[in-house]
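Note sheet for the following structure.
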Amino acid sequence: MTKSGFVGVVGEPNAGKSTLINWLVGEKIAMTSKKANATRKRLTVIVMHKDHQIILIDTPGIHEKEKMLNKYMLNEALKVLGDSDLLLYIADSTKDTKGYEKFLALNTKNIPHILVLSKVDMITKDKLAQKIQEYETLPNKSYHEIVPISSTANINKDTLLDTIVKYLPQHPYYFDPELISTENIKDIYKELIREALFEKLNDEIPYESDVIIEKIIEKDDIDKVYAMIITQKNSQKSMIIGKGGKKIKEIGMFARKLLETFSNKKIYLELYVKTIPNWTKNKKMLEEIGYIE
Ligand SMILES: Nc1nc2c(ncn2[C@@H]2O[C@H](COP(=O)(O)OP(=O)(O)OP(=O)(O)O)[C@@H](O)[C@H]2O)c(=O)[nH]1
Ligand SMILES: [Mg+2]
C-alpha cells in the first residue's frame with residue numbers, strides 16, 4: 001500500500017513555492033527571496049510522510065518575459081506541469097485568482113491538482129473564507145481540494161501532507177527514504193549563494209547575476225567552496241564588490257551562514273566576480289551555467 005510519486009509545485013512568481021518546500025522537508029534547501037523570480041531551475045526535494053514518499057519539484061514562477069533566461073525558466077515550469085503525478089498550485093491568498101485561471105489553460109494534460117492557498121497568516125479568517133469562495137465559484141476550476149496554509153506561521157502542514165498522499169499513486173519508493181534531495185551539493189550551494197545575491201543586491205543586479213561553483217574541497221569538518229559570481233556589466237561588478245570590498249564581504253557572510261546551516265559543517269567561502277556581457281541572452285553561456293538542455 002506504499003505510495004510514492006512526483007509532485008510539481010507550481011504557481012506565480014513569489015507565491016511561496018520554495019518556502020513551502022523548505023517547510024515541508026524541514027530544511028533550508030531551496031533558495032527563497034522576497035523578490036520575485038528567484039528560482040530559475042527545477043529542484044527535487046523528498047519528503048517522507050507516514051511511510052509514503054512525496055517527491056516535490058520546485059519550479060520557477062509562471063511568467064512571461066522576453067529574455068532567453070526567462071524563457072528557459074518558464075519552460076522549466078511547463079515541463080513539470082506535463083511530467084508530474086500530482087500538482088500543487090500555490091496561490092498567494094493576498095492576490096486575485098488570475099494566476100490560477102492562467103494555470104488552468106496551461107494544464108492541458110489535466111494533471112490532478114490541489115489548490116494551496118499560501119500566506120494565510122497575512123489575512124483575516126473572513127478574507128480567507130471570501131477568497132475560498134472566489135475560487136469555488138470559478139466556472140472552470142478543476143482542483144481536487146483547497147488547502148489553506150502558512151509556511152512561515154506553520155499552519156496546516158499535516159493537513160497538506162495528508163491531502164498530497166491521498167492523491168499519490170500506489171508505487172514503491174523511487175528513492176532511498178533517507179535522501180532529502182537528488183541534487184548534488186554543488187547545485188544546492190549555488191542556489192544558497194544566489195539567495196545571498198537576491199538578499200543583498202537591488203534593482204536589476206540579482207536578475208543579471210548568477211553563481212558558478214568552480215570547486216568544492218570536502219573535508220570531514222569543513223567544506224572549502226570556490227565560487228564565481230557572474231554579472232552583465234562592469235558597473236554591476238563594482239556594485240557587487242562595493243567600496244573597499246564591503247558588499248562582497250556582506251554577501252559572503254550571508255551565504256556562508258546558509259551553507260553552514262545546510263551542511264552542518266564549517267564553510268570556507270571564496271567569491272570572486274566576473275563580467276560576462278549579455279550572459280542572460282547568450283545560449284552558449286546559459287548552457288555552460290546549466291540552464292538549457
Ligand atoms: N507571511 C508569509 N510570507 C511567506 C509565506 N511563504 C512565503 N512567504 C514569503 O514570500 C516571499 C516569496 O517566497 P518564495 O518561497 O521565494 O516564493 P516562490 O514562489 O518560490 O518565488 P519564485 O521562485 O520567485 O517563483 C518570501 O519573502 C517569503 O518569505 C507565508 O506562509 N507567509
Ligand atoms: Mg522559488
Side-chain angles (χ1 to χ4, degrees), residues 7-45 47 56-65 67 69-81 87-95 98-100 102-103 106 113-125 127-128 131 146-161 181 183 187-188 190-202 204-211 254 258 280 291:
V7 181
V9 180
V10 299
E12 289 191 291
N14 205 247
K17 300 177 291 300
S18 304
T19 309
L20 173 129
I21 285 176
N22 290 337
W23 173 56
L24 294 183
V25 72
E27 295 261 357
K28 166 77 184 188
I29 174 164
M31 78 92 95
T32 60
S33 175
K34 60 180 187 294
K35 299 186 177 87
N37 290 311
T39 304
R40 289 183 178 158
K41 213 175 144 94
R42 274 171 289 171
L43 173 89
T44 306
V45 172
V47 176
L56 296 164
I57 319 287
D58 194 9
T59 65
I62 297 170
H63 72 293
E64 281 170 58
K65 281 197 184 134
K67 260 187 214 158
L69 175 61
N70 293 92
K71 286 186 181 157
Y72 167 82
M73 286 161 64
L74 177 62
N75 207 24
E76 281 284 282
L78 296 182
K79 272 192 247 168
V80 170
L81 274 186
L87 295 169
L88 303 184
Y89 183 84
I90 315 300
D92 186 330
S93 61
T94 67
K95 300 256 168 76
K98 288 205 184 79
Y100 177 64
K102 275 191 208 153
F103 156 78
L106 290 170
H113 63 275
I114 297 167
L115 180 68
V116 178
L117 276 180
S118 66
K119 310 189 188 181
V120 298
D121 58 293
M122 293 179 79
I123 58 169
T124 61
K125 285 217 164 75
K127 271 262 181 301
L128 175 59
K131 191 53 67 184
I146 298 188
V147 184
I149 62 107
S150 168
S151 312
T152 54
N154 194 23
I155 298 172
N156 276 349
K157 188 177 190 170
D158 272 348
T159 310
L160 178 58
L161 290 169
S181 177
E183 309 299 329
D187 286 334
I188 294 171
K190 168 202 168 90
E191 286 298 283
L192 294 174
I193 299 171
R194 276 209 318 109
E195 175 165 327
L197 299 182
F198 268 71
E199 177 67 26
K200 297 291 175 188
L201 299 163
N202 289 320
E204 81 294 354
I205 304 180
Y207 296 105
E208 298 191 348
S209 302
D210 211 292
V211 173
F254 190 91
L258 291 175
T280 57
Y291 286 135

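All ligand and atom numbering here is 1-based and tracks the order in the structure. Throughout, numbering of the chain's residues begins at 1 and tracks the sequence. Just so we're clear, the structure is a prediction, and the values are computed from it rather than from any experiment.
For ligand 1, the polar-atom distance check finds an N/O of T39 within less than 3.5 Å of one of the ligand's N/O atoms. Taking distance alone, with nitrogen or oxygen atoms compared against 3.5 Å, G16 approaches ligand 1 more closely than that limit. Annotation: T32 places no N or O atom under 3.5 Å from an N or O atom of ligand 1; distance criterion only. Looking at ligand 1, you won't find any N or O of D58 less than 3.5 Å from one of its N or O atoms. Between P60 and ligand 1, no pair of N/O atoms sits closer than 3.5 Å. Ligand 1 has a nitrogen or oxygen under 3.5 angstrom from a nitrogen or oxygen of A38.
Judged by distance alone, with hydrogens and angles left aside, the side-chain atoms of E199 form no donor-acceptor pair with the main-chain N or O of S33 at under 3.5 Å. Judged purely by atom type and a 3.5 angstrom limit, S181 uses its side chain to pair as donor or acceptor with the backbone of T44. Although no hydrogens or angles enter the test, the distance criterion places a donor-acceptor pair under 3.5 Å between the side chain of R194 and the main chain of A38. The closest donor-acceptor contact from the side chain of Y207 to the backbone of N37 lies at 3.5 Å or more, if one exists at all. Panel note: side chain K17, backbone D58; no donor-acceptor pair is recorded below 3.5 Å. Between the side chain of N156 and the main chain of S150, no donor-acceptor pair closer than 3.5 Å is present. Not one N or O on the side chain of S93 forms a donor-acceptor pair closer than 3.5 Å with the backbone of L117.
Ranking the protein heavy atoms by distance from atom 1 (N) of ligand 1 puts D121 OD2, 2.9 Å first. Of the protein's non-hydrogen atoms, the one nearest atom 26 (C) of ligand 1 is S33 O, 3.4 Å. When hydrogens are left out, the protein atom nearest atom 21 (O) of ligand 1 is N14 N, 3.0 Å; that is the closest non-hydrogen contact. Protein heavy atom in closest approach to atom 29 (O) of ligand 1: T19 OG1, 4.4 Å. Atom 30 (C) of ligand 1 has T152 OG1, 3.2 Å as its closest protein atom, hydrogens excluded (heavy atom only). Shortest contact from atom 31 (O) of ligand 1 to any protein heavy atom: S151 N, 2.9 Å.
Within the listing of ligand 1, atoms 24 (O) sit less than 4.0 angstrom from a heavy atom of N37. Heavy-atom proximity to S150, at under 4.0 Å, picks out these atoms of ligand 1: 30 (C), 31 (O), 32 (N). Close approach to G61 involves these atoms of ligand 1, each under 4.0 Å from a residue heavy atom: 25 (O). Here is the list of ligand 1 atoms found below 4.0 Å of a heavy atom in P13: 25 (O). Near M122, the atoms of ligand 1 lying under 4.0 angstrom from a non-hydrogen atom of the residue are 1 (N).
Within the 2.8 Å limit, S18 places at least one N, O or S atom next to the Mg ion (ligand 2). At a cut-off of 2.8 Å, T39 is counted among the residues with an N, O or S atom near the Mg ion (ligand 2).
Contact of the F103 side chain with the E12 side chain is not registered, since no non-hydrogen atoms from C-beta on lie closer than 4.5 Å. Put simply, the side chain of N14 reaches to within 4.5 Å of the side chain of K119, judged on heavy atoms. M73 places a side-chain heavy atom less than 4.5 Å from the side chain of H63.
With respect to the salt-bridge test (charged N to carboxylate O, under 4.0 angstrom), the residues E64 and K102 do not qualify. Under 4.0 Å is where a charged nitrogen must lie from a carboxylate oxygen, and between E208 and K67 at least one such pair does.
Exactly one of R40, K41, R42 qualifies for a side chain to side chain donor-acceptor pair (under 3.5 Å) with E76. That residue is R42. When the options T59, T32, T39 are evaluated for a side chain to side chain donor-acceptor pair (under 3.5 Å) with S18, the one that passes is T39.
The residue among E195, K34, K119, M31 with a heavy atom at the shortest distance from atom 9 (C) of ligand 1 is K119. Here atom 25 (O) of ligand 1 lies nearest to K17 when heavy atoms of H63, E12, K17 are compared.
Taking a 4.0 Å cut-off on heavy atoms, G11 fails to register as neighbouring ligand 1. By the 4.0 Å heavy-atom criterion, A36 is counted among the residues contacting ligand 1.
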